[in-house]
Protein chains: 2
Amino acid sequence: MARPKEFDPEIAVDQAMEVFWRKGYAATTPQDLVDALSIGKGSLYNAFGSKRELFLRALRRYRDTQTAALVETLDRPGPVKERVRAALTAIAEMDLADPDHRGCLAMNSTAELARTDKEVADLSRRMLDITEDAFRTLIAEGQRTGEISPTRDPAALAALLANTVAGMRIVGRVPEARDRLTHIIDATINSL
Amino acid sequence: MARPKEFDPEIAVDQAMEVFWRKGYAATTPQDLVDALSIGKGSLYNAFGSKRELFLRALRRYRDTQTAALVETLDRPGPVKERVRAALTAIAEMDLADPDHRGCLAMNSTAELARTDKEVADLSRRMLDITEDAFRTLIAEGQRTGEISPTRDPAALAALLANTVAGMRIVGRVPEARDRLTHIIDATINSL
DNA sequence: GTTATTTTGTAATTCTGGGTACAGAATTTG
DNA sequence: CAAATTCTGTACCCAGAATTACAAAATAAC
């Protein structure tokens, strides 16, 4: 109906996500975004309205891709405990391999903004819910196959595993985290 | 030797800690600090040099008081598992009772600053180390008394417990955390 | 009581963050 | 092609952040 955009908003959101992930919300300036997305300020504000709106889009995108990746890993065939280990190991390796030590955008945002921004808080809650659901389903399967004791409460165990993931993503940001993360994974698997 | 300070720097650091804890580092302005400490800007900068230096003093103080409180709880008499439960419950209740949902200053600061501020990152690592040590000692005691299986690796289990605490303090900040935290504690105790 | 020293409060000061205004360019529709 | 509409880039704007400057005040030492 009129002049078309010269950039792809979806790609732009992805790029914005990287910036927010690396620097945090408050520390990211409009100029950082303009530089990273390679568009003008006019286009930025025309397309996304405000820094916060763009941030929320980026955070939603992050949640969706991350939870999908976790569910995908947990859904692969094999013994249940091995699948849990694979998922935790993937997360640990991801954090350790990242030279920027960005951790998890959602947990970082929770720490930074959950108190004042309800929308961010709800987004994080949703992400934890999805993570817990995925673990609960897996644990129930493990109890059917006999890999996990039927006396354990799947809901509680799932909450614990989701919490372990959340913790790892913060702990993975402090220096010399490798041994810590390895210990956490080993002890977790031995606790199932 | 000259004019004495009209305020107690120790108390001022405590008050600054409260502000940083509530608002985060970047979101705290010198004006916020001046208001909370009830001193002038001149005094603030004369006494502490810069916002960052004051923040680091506050963070150190936080680490010291928090770790001391945890160690104190874990050192109380009673069965080992009950002591772990008491410590986790105390943390959960603290987070749930706080109307501001501030979580843990050290973990919040890690999420916000660990990537760029080595001093903050090292401080957080130290706090995790102390926490882990306290749990490890307790677990060793549990293995001596037979409360905890001797086949388990105390170091790994301690890392897991410290990580559980770290996770809880983030997770406790999202809405409707009570059930989640209760589940986490129950599953943790059942995993020992 | 004078001097030296440190603290205090107020008033600048500088810089940046987040955003707006606007003129011109690129489209679609008819 | 004209009209209507939406995008783009540049320039501008204003508030507030973090600090500094400085004069006046309070004290200790002599």
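Proteins come first, then strands; the chains are lettered A, B, ... in the order of their sequence lines, and each starts at number 1.
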Run the side-chain donor-acceptor check on residues 16-25 of chain A: report pairs under 3.5 Å with partners two or more places apart or on a different chain.
from	atom 1	to	atom 2	distance (Å)
Glu18(A)	OE1	Arg102(A)	NH1	2.7
Trp21(A)	NE1	Gly103(A)	O	2.9
Lys23(A)	NZ	Asp32(A)	OD2	3.1

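The salt bridge (charged side-chain N to carboxylate O under 4.0 Å, His left out) test with Asp95(A) is passed by exactly one of Arg173(A), Arg169(A), Arg178(A): Arg169(A). Residue Phe135(A) is tested with Val165(A), Ile130(A), Thr164(A) for a side chain to side chain contact (heavy atoms under 4.5 Å, CB included); the sole match is Val165(A). Among the candidates Ile170(B), Asn108(B), Asn163(B), the single residue satisfying the side chain to side chain contact (heavy atoms under 4.5 Å, CB included) test with Ile170(A) is Ile170(B).
When the P atom of dT10(D) is taken as reference, atom CG of Asp35(A) falls 13 Å away, rounded to whole Å. Rounded to an integer number of Å, the gap from CG of Asn46(A) to C1' of dA25(C) is 14 Å. For Gln31(A) and dT10(D), the CD to P distance is 11 Å, given to the nearest whole Å. Rounding to whole angstrom units, CZ of residue Phe48(B) and C1' of dA18(D) are separated by 16 Å. Rounded to a whole Å, the CG atom of Leu44(B) is 13 Å from the C1' atom of dA17(D). Here the P atom of nucleotide dA18(D) and the CG atom of Leu54(B) are 12 Å apart, to the nearest Å. Atom CG in Leu33(A) sits about 13 Å away from atom C1' in dG19(C), given to the nearest Å. Between the P atom of dC13(D) and the NZ atom of Lys41(A) lies a distance of 14 Å, rounded to the nearest Å.
More than 12 non-hydrogen atoms from other residues, nucleotides or ligands lie less than 6.0 angstrom from CZ of Arg63(B).
As judged by a 4.0 angstrom heavy-atom cut-off over every strand, Phe7(B) is placed among residues touching the sugar-phosphate backbone only.
Using a cut-off of 4.0 Å between Lys/Arg side-chain N and Asp/Glu carboxylate O, Asp64(A) and Arg61(A) are scored as not salt-bridged.
Contacts between residues 17-30 of chain B and DNA chain D, counted as heavy-atom distances below 4.0 Å, involve Thr28(B), Thr29(B), Pro30(B).
When the nearest nucleotides of DNA chain D are assigned to Gly42(B) and Lys51(B) by heavy-atom distance, the more 5′-ward of the two goes with Lys51(B).
Of the candidate nucleotides dT20(C), dT8(C), dT20(D), dT20(D) has the atom lying nearest to any side-chain atom of Tyr45(B).
The minimum heavy-atom distance linking Arg115(B) with Asp100(A) is given by the pair CG-O, 2.8 Å.
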